[in-house]
Number of protein chains: 4
Amino acid sequence: MVTQSGKPAPDTTRRSERSRRAIYDAALALVAEVGYPRTTIEGIAARAGVGKQTIYRWWGSKADVLLEAFLDLSHQASREAGEDFVIPDTGDLATDIKAVLRATVDQLTDPRFEAPSRALAAEGVVNEEVGRRFMTQLMEPSLQLYVDRLRAAQRAGQVRPEIDPRIALEFFISPLAQRWLQYTGPISYEYTDTLVDYALYGLAPR
Amino acid sequence: MVTQSGKPAPDTTRRSERSRRAIYDAALALVAEVGYPRTTIEGIAARAGVGKQTIYRWWGSKADVLLEAFLDLSHQASREAGEDFVIPDTGDLATDIKAVLRATVDQLTDPRFEAPSRALAAEGVVNEEVGRRFMTQLMEPSLQLYVDRLRAAQRAGQVRPEIDPRIALEFFISPLAQRWLQYTGPISYEYTDTLVDYALYGLAPR
Amino acid sequence: MVTQSGKPAPDTTRRSERSRRAIYDAALALVAEVGYPRTTIEGIAARAGVGKQTIYRWWGSKADVLLEAFLDLSHQASREAGEDFVIPDTGDLATDIKAVLRATVDQLTDPRFEAPSRALAAEGVVNEEVGRRFMTQLMEPSLQLYVDRLRAAQRAGQVRPEIDPRIALEFFISPLAQRWLQYTGPISYEYTDTLVDYALYGLAPR
Amino acid sequence: MVTQSGKPAPDTTRRSERSRRAIYDAALALVAEVGYPRTTIEGIAARAGVGKQTIYRWWGSKADVLLEAFLDLSHQASREAGEDFVIPDTGDLATDIKAVLRATVDQLTDPRFEAPSRALAAEGVVNEEVGRRFMTQLMEPSLQLYVDRLRAAQRAGQVRPEIDPRIALEFFISPLAQRWLQYTGPISYEYTDTLVDYALYGLAPR
DNA sequence: CATTAAGCGAGACGGTACGTCCTGTCTTAAC
DNA sequence: GTTAAGACAGGACGTACCGTCTCGCTTAATG
């Protein structure tokens with residue numbers, strides 16, 4: 001998807017896999033250690049034992065590198081975790097969503113994920129392009145799972161049919177996201193459970 | 001609450017009001033024009049016709065400057081707007097909250113506010129200290145208004161008494177905030193109205 | 001000797017003697033401790049417990065301050081030393097001049113004098129005005145003593161009458177000065193004695 | 001002779017010759033135009049169209065830059081001038097030295113040389129390291145020429161054999177240097193001729 | 001099977017901004 | 001009216017990174 005710039009596009013087949021990995025590792029490590037603003041391209045290159053040009057050849061910006069590194073990390077994690085990234089369907093919507101949200105709470109407080117995802121979220125707030133990629137590449141797949149589960153619940157008569165699942169899911173996701181992003185309140189299992197109870201009360205038919 | 005640093009702490013009584021104003025104006029203008037990352041302390045100083053040291057004397061960072069500038073802007077706006085910053089109480093909770101959310105939508109898309117508040121929100125995501133100040137100084141007062149209005153609704157029997165207003169308000173605020181911050185969806189009056197309908201359905205007694 | 005500038009000349013009668021002394025002391029101490037380039041007006045003021053403006057009111061530059069401070073120091077030294085600052089006339093010109101040059105060697109290596117006089121000499125090299133004041137106020141009186149002593153020697157028939165004493169004295173003074181200023185060679189009693197022997201051999205009648 | 005500093009020592013083979021030249025030119029031009037103290041590293045960099053870091057990478061200080069620039073200028077001048085930088089030997093010592101000193105007078109008053117050499121001399125007075133480099137790299141070669149010529153004169157019986165040429169040459173050089181450096185008197189052909197006459201009278205055998 | 005062209009590590013380069021220090025002017029309150 | 005104190009506009013310092021560039025080197029793939 002390289003748009004035609006002035007430069008002759010680099011030859012992907014000759015790309016050094018070893019360098020790419022080293023760059024991902026260095027980027028994630030640095031963001032975790034010193035924070036995003038003090039993570040520099042030079043620092044990543046030095047830590048990865050790589051020339052700066054190798055970074056500039058393949059990525060357009062620090063955010064780009066981190067986004068890919070984080071995507072890679074997420075894919076690895078998915079592969080390791082197996083089933084965990086789907087929403088269960090026990091028949092009881094409340095139980096199922098509570099379980100998923102508890103897993104989300106765990107992930108949001110996992111130090112391995114926290115620094116880079118905060119960094120990317122922040123960059124995305126201010127840089128629309130990064131924001132949209134963060135959204136489509138990282139969040140969207142998860143959101144779709146909620147949509148699917150809510151549709152199933154509608155078919156089962158547990159959620160009113162006129163409800164738009166795409167909006168309903170925000171009642172579970174957004175309050176948690178905001179507390180995490182903006183320090184508007186503490187995050188806990190108790191909190192997410194309450195969220196689900198309040199929200200489902202409104203979504204269920206009378 | 002000035003913590004004892006190494007420096008002798010400047011004399012506030014001698015501070016130049018004219019410089020402060022010029023710095024606020026320059027900071028807000030630059031963020032609007034070139035974006036937060038390309039807004040520099042040197043740029044602010046130059047535009048304000050002020051020495052860099054005058055900025056460093058009174059603020060600790062670019063984020064600090066912008067936070068105060070934005071607070072100042074908000075206070076000005078409040079003063080101009082008068083009554084607009086309270087939640088009306090017509091007796092109909094849905095109507096009242098819809099009105100406030102529509103005003104919020106307007107503000108979030110007002111170019112005068114958008115750039116600086118995005119910048120601050122982003123900084124706050126990554127810098128906890130800024131995040132907490134953004135929260136307590138800018139958002140908290142507004143949130144309290146929601147709490148008050150929801151309490152009144154509880155007394156009027158329109159909201160179930162066991163609901164925690166502090167959590168309930170997030171159903172109105174957070175989805176909108178997330179769409180705005182993370183480009184997770186479009187923002188419109190229709191959307192916020194739907195939000196209120198879905199949420200109140202769950203909050204109201206059966 | 002304040003030339004008419006735009007400013008109303010300050011009132012000398014109200015000048016604080018205590019401040020002047022403190023400034024001299026601070027200036028000399030700082031030059032000795034950290035060297036001339038790292039001696040600053042602010043540093044002098046702080047060390048002297050004096051406002052910066054007090055320095056700017058009475059002196060035009062750092063060099064000015066130091067020049068006066070050093071003059072003051074020299075006058076003090078003269079007063080303490082009494083007779084030492086005249087050239088003796090024992091009748092033997094060589095002996096007399098050797099004695100004076102040995103005293104000069106001592107002074108040039110006295111750490112109390114070395115730092116400020118090097119500083120002033122250096123400033124004078126590059127700043128003609130300072131150079132001329134250094135010359136007329138500090139060196140000239142001493143040079144005149146040489147002229148007087150050489151004239152006496154001419155009257156006594158120990159120096160050829162056609163010799164210009166003003167030039168002759170440079171054979172004693174300049175080589176020593178250059179070695180000191182420019183590190184062109186070591187300084188010792190033996191060296192100055194040799195200088196006198198070589199030079200007088202040429203100045204004396206055959 | 002690179003001492004082990006903390007920095008990794010730049011790669012000399014990759015050094016930009018074009019930048020070095022531009023820096024020399026800018027430094028000499030600025031010193032001539034605005035004087036040494038108002039010549040800044042930033043100014044040199046800007047005028048040379050060079051990044052500041054390029055200066056800091058290769059030189060340790062403003063004095064360092066100027067010293068090398070001046071050395072380079074001198075070498076250029078030597079190359080252009082050819083024979084002019086040796087002391088002639090016509091058999092008549094007085095004539096030969098007078099000629100050289102007249103050339104020196106010319107150089108000391110050549111505006112191309114005056115500003116930078118004053119600046120370096122001044123810096124050398126106050127900064128021993130610079131002083132010694134100024135001495136060894138710029139003055140020493142010329143001084144050696146005097147030593148050689150005086151030795152030849154001793155062999156020819158024109159100078160007493162017990163005279164140390166290294167001290168004798170100071171009678172020609174130092175008075176002139178001091179007048180130039182410290183404004184202790186005017187500089188002219190007549191003056192240097194007199195110097196030679198007075199001095200040789202003492203150096204010659206009876 | 002050499003040739004050649006790309007990616008690579010390294011790092012010098014022209015720049016911009018940083019945060020600190022100092023300049024010389026100006027203002028305030030104390031004496 | 002001088003003084004101590006210190007805020008101010010300005011500007012240079014020396015450092016850290018930016019993104020571009022050029023250098024030899026390794027490493028496929030091709031002629």
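All figures in this text were calculated on a predicted structure; none of them were measured in a lab. Just so we're on the same page: letters track the sequence lines, and every chain starts at 1.
- Between D:L120 and D:S117, every side-chain heavy-atom pair lies at or beyond the 4.5 Å cut-off.
- Closest of all the heavy-atom pairs between B:F70 and B:P116 is CD1-CB, 3.7 Å.
- If you take CG of D:D11 and P of E:dG9, they are 18 Å apart, rounded to a whole angstrom.
- A:I55 places its CD1 atom 11 Å from the P atom of F:dG19, with the value rounded to the nearest Å.
- Along DNA chain F, the nucleotide closest to A:T40 and the one closest to D:T40 are compared, and the more 5′ of them pairs with D:T40.
- For the pair B:Y56 OH and F:dA9 C1', the interatomic distance rounds to 16 Å; values are reported in whole Å.
- Among all heavy-atom pairs drawn from D:V130 and D:A63, the shortest one is CG2-CB, 3.9 Å.
- If you take CD1 of A:I44 and C1' of E:dG9, they are 16 Å apart, rounded to a whole angstrom.
- D:V126 and C:A122 make their closest contact through CG2-CB, 3.8 Å (heavy atoms, listed as atom of the first residue, atom of the second, distance).
- Contact check of residues 47-54 of chain B against DNA chain E (heavy atom, cut-off under 4.0 Å) returns B:K52, B:Q53.
- Taking all atoms of both residues into account, the shortest heavy-atom contact from B:A119 to B:L66 is CB-CD2, 3.9 Å.
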For nucleotides 28-31 of chain E, tabulate all protein N/O to nucleotide N/O atom pairs closer than 3.5 Å, reporting atom names and distance.
{"residue": "E:dT28", "atom": "O4'", "partner": "B:R14", "partner atom": "NH2", "Å": "3.0"}
{"residue": "E:dT28", "atom": "N1", "partner": "B:R14", "partner atom": "NH2", "Å": "3.4"}
{"residue": "E:dT28", "atom": "O2", "partner": "B:R14", "partner atom": "NH2", "Å": "2.5"}

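- Closest heavy-atom contact between A:V125 and B:R118: O-NE, 2.7 Å.
- Computed from coordinates, the B:R18 CZ to F:dA7 C1' distance equals 14 Å when rounded to whole Å.
- D:E68 is not listed as a side-chain neighbour of D:D72, based on a closest heavy-atom distance of 4.5 Å or more.
- Considering all non-hydrogen atoms of both residues, D:A115 and D:A32 come closest at CB-CA, 3.8 Å.
- A heavy-atom distance below 4.5 Å is not found between the side chains of A:L67 and A:E123.
- As rounded to whole Å, 15 Å separates atom P of E:dG14 from atom CZ of D:R21.
- Among the heavy atoms of the strands, none lies under 4.0 Å from B:T13.
- A 6.0 Å sphere centred on CZ of A:R18 holds no more than 12 heavy atoms belonging to other residues, nucleotides or ligands.
- Where B:G43 and D:R15 meet DNA chain E, the nucleotide closest to each residue was compared, and D:R15 sits on the side nearer the 5' end.
- Note on C:W59: every side-chain N or O is 4.0 Å or more away from OP1 and OP2 of E:dG24.
- Sorted by residue number, the list of members of residues 23-39 of chain C with any non-hydrogen atom under 4.0 Å from DNA chain E is empty.
- Atom CG of residue D:L71 and atom NE2 of residue D:H75 lie 5.0 Å apart, to the nearest 0.5 angstrom.
- The side-chain contact (heavy atoms from CB on, under 4.5 Å) search around D:I41 returns D:I55, D:Y56, D:K62, not counting sequence neighbours.
- Applying the salt bridge (charged side-chain N to carboxylate O under 4.0 Å, His left out) rule to A:E128 yields the partners A:R132; only residues at least two apart in sequence or on another chain are considered.
- Between D:R20 and D:W58, the closest side-chain pair of non-hydrogen atoms is not below 4.5 Å.
- Taking a 6.0 Å sphere around CZ of B:R15, one finds it holds more than 12 heavy atoms contributed by other residues, nucleotides or ligands.
- Closest to the side chain of D:S19, out of E:dG19, F:dC17, E:dC13, is E:dC13.
- Over its full length, the helix from E:dC1-F:dG31 to E:dC31-F:dG1 turns its helical axis through 10°, comparing axes from the five pairs at each end and rounding to 10°.
- In this structure, C:I41 atom CD1 and E:dT25 atom P are separated by 11 Å, rounded to whole Å.
- The separation between D:E42 atom CD and E:dG14 atom P is 15 Å, rounded to whole Å.
- Taking every side-chain heavy atom of B:W58 into account, F:dC8 is the closest of F:dC8, E:dG7, E:dC18.
- Looking at heavy-atom distances under 4.0 Å, B:R57 makes contact with a base.
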